[in-house]
There are 2 protein chains.
Amino acid sequence: MTNSTVALWDIFEFSAQGPSNGNPFVDVSFKAEFIFGNRRVYVPGFYDGDGTYRLRFSPDTEGEWRFVTSSNAAELDGLEGTLTAGPPRKGVRGPVRVQNRHHFAYADGTPYLPFGTTCYAWTHQPEAMQDETLATLAKAGFNKIRMAVFPKHYPYNSNPALHNIYEKTGDGEADMDFDRPNPVAFRHFENQIGKLAEMGIEADIILFHPYDRWGYADMTPEQDCRFLEYIAARISAYRNVWWSLANEYDFLLNTKPMELWHKFCHVLEENDHMQHLRSIHNGNPAKNYNHRLPWITHVCIQHWDVKQTPLWIEAYDKPVINDEPEYEGNLYQSWGNISAEELTHRFWTTTMRGGYAGHGETYNDPDDLIWWAKGGKLHGEAWKRIKWMRELLEEDVKHGLTMLGDYYAFPYSRISACQDGEDGTRYFYFGEHQPARWATGLPNDGGQYDVDLIDTWNMTIEPAKIVDAYYVPPTRHGNVTRGGGVESDFAVELPGRPRLALRVRPRKT
Amino acid sequence: MTNSTVALWDIFEFSAQGPSNGNPFVDVSFKAEFIFGNRRVYVPGFYDGDGTYRLRFSPDTEGEWRFVTSSNAAELDGLEGTLTAGPPRKGVRGPVRVQNRHHFAYADGTPYLPFGTTCYAWTHQPEAMQDETLATLAKAGFNKIRMAVFPKHYPYNSNPALHNIYEKTGDGEADMDFDRPNPVAFRHFENQIGKLAEMGIEADIILFHPYDRWGYADMTPEQDCRFLEYIAARISAYRNVWWSLANEYDFLLNTKPMELWHKFCHVLEENDHMQHLRSIHNGNPAKNYNHRLPWITHVCIQHWDVKQTPLWIEAYDKPVINDEPEYEGNLYQSWGNISAEELTHRFWTTTMRGGYAGHGETYNDPDDLIWWAKGGKLHGEAWKRIKWMRELLEEDVKHGLTMLGDYYAFPYSRISACQDGEDGTRYFYFGEHQPARWATGLPNDGGQYDVDLIDTWNMTIEPAKIVDAYYVPPTRHGNVTRGGGVESDFAVELPGRPRLALRVRPRKT
């Protein structure tokens, strides 16, 4: 009988010795119920090699928890313990959840605005490079990172993986027993997730992907599901885990049909006691997964046409993260060669339309050390603007940004405007538009507002030039007169260049 | 019995005196058959005031034509004449037709690539300003102009119209008899069309529009149809006429339902002996007319999202002109405030995806003298790039540009590339993309090519830096290997900035 204490949303781990003969990964079941008052939470355990079995649990409620194990191995069955969950450590806010329908917040209620980046295979690079990645992340300002469990084989990605995810059976790279996970690889992976958690970075874990030369993408459905159970048992207790079922799942449909993707989601639902966020990322923009399905918590999409963001929000009625609105860089692949200005523009356009965007950087490198896949150093310019944008929005956004107006209505199909909740700060992003003055969507309630002009590229904020509201003549459409009048309490003069935004803050009284 | 000569595609006019009592516009029918061998061409005549009736006819075939009139007025019935149609005057190429399914050519077979602009109400401004408009057009390089028959009432457009389109019945602006056209107004209008013809500019005539304070938009269906018959009789013989049934037809649907728009097209089909091009322009992007209908010759659209151009070509299988991909300017209306860079970008994107774009300029002016509505002077920067682009494309394009690859396939959904016909010059427009090197879509047939690097904004052309073709590693997607290999005979190095294009010309041997 153990008796432990753990802070809220931290990890409680319990281990016990059990059978090491045969194949414990397959032969031995080991799980627990964690009990709090009337609640019973199912927590699967896992085999960690050398006869050691572990359970990991993260409490979501302060107080006294009790657990009892069950197993088909006598020495692992019926083990019990208690656990006192105390207040969270400073800075720990719990897992991110959907909040306000199209937005996110930490479990403690703090709004979470994803500003993520992508380093698919950073945990498979040499250790020194992983340290460099972590150092870069410490200054870069991203609060989410897309990263894959399995190593990546792809153009610019032909180097060996740091660890084999399964036990070797021979000298060839692909000689592995896909029924025997390699605990060393998983320990390393979860260690890096833990470091990210301490840095305040969500780990958007890509469970399957098609870029493979080792056979990971060609395991049997049974092995796939066992892999999901195993990793869910190992890392669900990390508060910063998000499940990305796949990167470009549709490129795997020839071997993993749609029903199997549904099943994968169910395996996670059953084995993740924290019910982390779940999404599936598409390759072909015409092959989106049906994100309306109830086991999908938010939309993860790749699409370059970011003005369509409100259409995806409408279609799926969930938070939308466009994790791949193309990458800043200069590769010959056109998903990886937009300018820094353009990626910054796509971040603003997406965010000002109620969605969230993801960063990636793909500059040619003589040694193929490209951030998007391997981490290391950032060489571009967009990340600085994205960091600045995140800080700017976090100052004000409490509820989540909802697009102003109606996408189908002029002018909101053309410029991008939004408001935090019903009465919070409004933002207008003009992008390629450069009106000399602006009034549409500005307040008309007689209230007091502070209005700032934002240069999204040069990262400057200055008081906007407020001018008198102006009369808009009505438009006569045959025998119907539309619009007209003074639509706002004041107007703003703008300096006539692109990439500007306005921030309209209700003045605190 | 008259006996006349006229050059091919020029205007033959026949006049006769007839009744002037009652309302000749309504009471008197006057028409003719023009006969060439077995062909009989119906040509409606029109009343031009003061007892004068006219017929206008433009021959499409050289040789001897004969005509005979018919009328319900005895003095206009059974008049006959002959007409010798000779070779066209130098520079006269006949009306523009659809050619090669998604493209245009003059009747003599010369390719016509529309590079149009928009001055909705230029013929309703003071005469001096109209002269200025013509002087601007003479240097601007546009070969099409959108212009309305009726004057325009709209924001920035509140000045009086130069002419009343119908006879006045009182002192008020709207006091008109909509059963009695004002020949003076029509004579002025067609005079300006004739000047455009001599300048090589197609007149894209907007027949109805909703921006009205005079009552033109609220005539009865009978009056509308009579208006169409009247203007068709007057101006069909002008070789440069295109019929744009409306600007923003959908804003008039409350008084002119869809069936009436179909009927309008039929009236033109019946009364236009030259069968000029016919289109209908939408307001709301979700309310496109069904451009598949057989009486529509080409798609006229307004949409800011120009990367969708191939989708419209696919949907309607006709030439696509995006006459309103937003305008260069700084108005508060977001259809009228994109930067010159952006409009130039949208022209290139549209054209390199197999469509055609239209220009408009909307800079604030203290006297509301804005090119888009009134003509006058151009103040922007896009028109120069568009003129340059037109000259560049006209050097090579003989068949029409067809998008390379498949819109749904990477990379053609992201960058814009096309080829003239099956084996002509290829173009690649990178826009916001900036690959350091490029090979996709370059020739792989062992042929000789001249490759130029084009800076679409700075208007420079220089030989591109050709480098060895490079090996593209295959992409493994699970158990499927995709792509890979050397896909072209050579590659190109690019200088890593946006708005570049490549031109790849087969070398003449």
Side-chain angles (χ1 to χ4, degrees), chain A residues 153-155 158 210-213 217-218 248 251-252 254-256 284-286 304-305 307-308 326 329-339 341-342 345 364 408 410-411 413-415 430 432-440 470 472-473 475-480 482 491 494 496-498, chain B residues 153-155 158 210-213 217-218 248 251-252 254-256 284-286 304-305 307-308 326 329-339 341-342 345 364 408 410-411 413-415 430 432-440 470 472-473 475-480 482 491 494 496-498:
Chain A
H153 176 75
Y154 200 72
S158 54
Y211 332 112
D212 179 53
R213 69 170 183 263
D218 294 310
E248 301 189 324
F251 295 158
L252 285 168
N254 59 316
T255 53
K256 302 189 199 302
N284 184 328
W304 64 95
D305 194 356
K307 281 197 180 169
Q308 293 189 30
E326 300 180 328
N330 64 355
L331 303 185
Y332 65 82
Q333 291 97 338
S334 296
W335 43 255
N337 58 30
I338 62 171
S339 64
E341 289 85 348
E342 181 68 20
H345 170 62
N364 282 301
Y408 297 100
F410 165 80
S413 50
R414 304 173 189 258
I415 70 121
F430 298 102
E432 71 277 26
H433 290 271
Q434 46 179 28
R437 58 179 184 170
W438 191 257
T440 304
Y470 52 86
V472 175
T475 302
R476 288 179 60 142
H477 285 156
N479 62 1
V480 178
R482 301 178 208 257
L494 294 162
R497 60 179 199 268
Chain B
H153 176 75
Y154 200 73
S158 53
Y211 332 112
D212 181 51
R213 69 170 182 264
D218 293 313
E248 301 189 324
F251 295 159
L252 285 167
N254 58 317
T255 53
K256 301 188 200 303
N284 184 330
W304 64 94
D305 193 355
K307 280 196 181 170
Q308 292 190 29
E326 298 180 330
N330 64 355
L331 303 186
Y332 65 80
Q333 291 95 339
S334 297
W335 43 255
N337 58 31
I338 62 171
S339 64
E341 290 86 348
E342 181 69 18
H345 170 63
N364 283 302
Y408 298 100
F410 165 79
S413 50
R414 304 172 191 257
I415 70 121
F430 298 102
E432 72 276 27
H433 290 271
Q434 48 179 26
R437 58 179 183 170
W438 190 257
T440 304
Y470 51 85
V472 176
T475 302
R476 287 178 61 142
H477 284 157
N479 62 0
V480 178
R482 300 178 210 256
L494 295 163
R497 59 179 199 269

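Heavy atoms only: backbone and side chains are in, while hydrogens, waters and symmetry mates are out.
- Heavy atoms of A/Ser413 lying under 4.5 Å from chain B belong to its backbone as well as its side chain.
- Atom CG of residue A/Asp212 and atom NE2 of residue A/His153 lie 8.5 Å apart, to the nearest 0.5 angstrom.
- For A/Gln308, the part lying under 4.5 angstrom from a heavy atom of chain B is the side chain only.
- Interface residue A/Tyr470: only side-chain heavy atoms are found under 4.5 Å from chain B.
- Between atom NZ of residue A/Lys307 and atom NZ of residue B/Lys307 there is a gap of 12.0 Å, rounded to the nearest 0.5 Å.
- Contact annotation for B/Tyr211: both backbone and side-chain heavy atoms come within less than 4.5 Å of a heavy atom of chain A.
- Between chain B and the options A/Ser334, A/Pro411, A/Ala217, heavy-atom pairs under 4.5 Å are most frequent for A/Ser334.
- For A/Phe251, the parts lying near chain B are the backbone and the side chain together; criterion is any non-hydrogen pair under 4.5 Å.
- To the nearest 0.5 angstrom, A/Asn337 atom CG is 12.0 Å from B/Arg437 atom CZ.
- The part of B/Leu252 that comes within reach of chain A is its side chain, from C-beta onward, which places non-hydrogen atoms under 4.5 angstrom from that chain.
- For a residue to count as touching a neighbouring chain, one of its non-hydrogen atoms must lie under 4.5 Å from one of that chain's; by this rule A/Ser339 touches chain B with backbone and side chain alike.
- Looking at A/Glu432, the atoms closer than 4.5 Å to chain B (heavy atoms on both sides) sit in the backbone and in the side chain alike.
- Put simply, NE2 on B/His433 and CH2 on A/Trp304 are 9.0 Å apart, with the number rounded to the nearest 0.5 Å.
- Atoms CH2 and CD, from A/Trp335 and A/Glu326 in turn, are 10.5 Å apart once rounded to the nearest 0.5 Å.
- For A/Tyr408, the side-chain contact (heavy atoms from CB on, under 4.5 Å) partners are A/Leu311, A/Glu314, A/Asp406, not counting sequence neighbours.
- For the atom pair CZ (A/Arg414) and CG (B/Asp305), the distance works out to 11.5 Å, reported to the nearest 0.5 Å.
- The choice from A/Ala491, A/Pro498, A/Ala436, A/Ala439 that makes the most heavy-atom pairs within less than 4.5 Å of chain B is A/Ala436.
- Contact count against chain A (heavy-atom pairs under 4.5 Å) is highest for B/Asn254 among B/Asn364, B/Thr440, B/Asn254.
- Interface remark: A/Arg213 contributes backbone and side-chain atoms alike to the contact with chain B (heavy atom separation under 4.5 Å).
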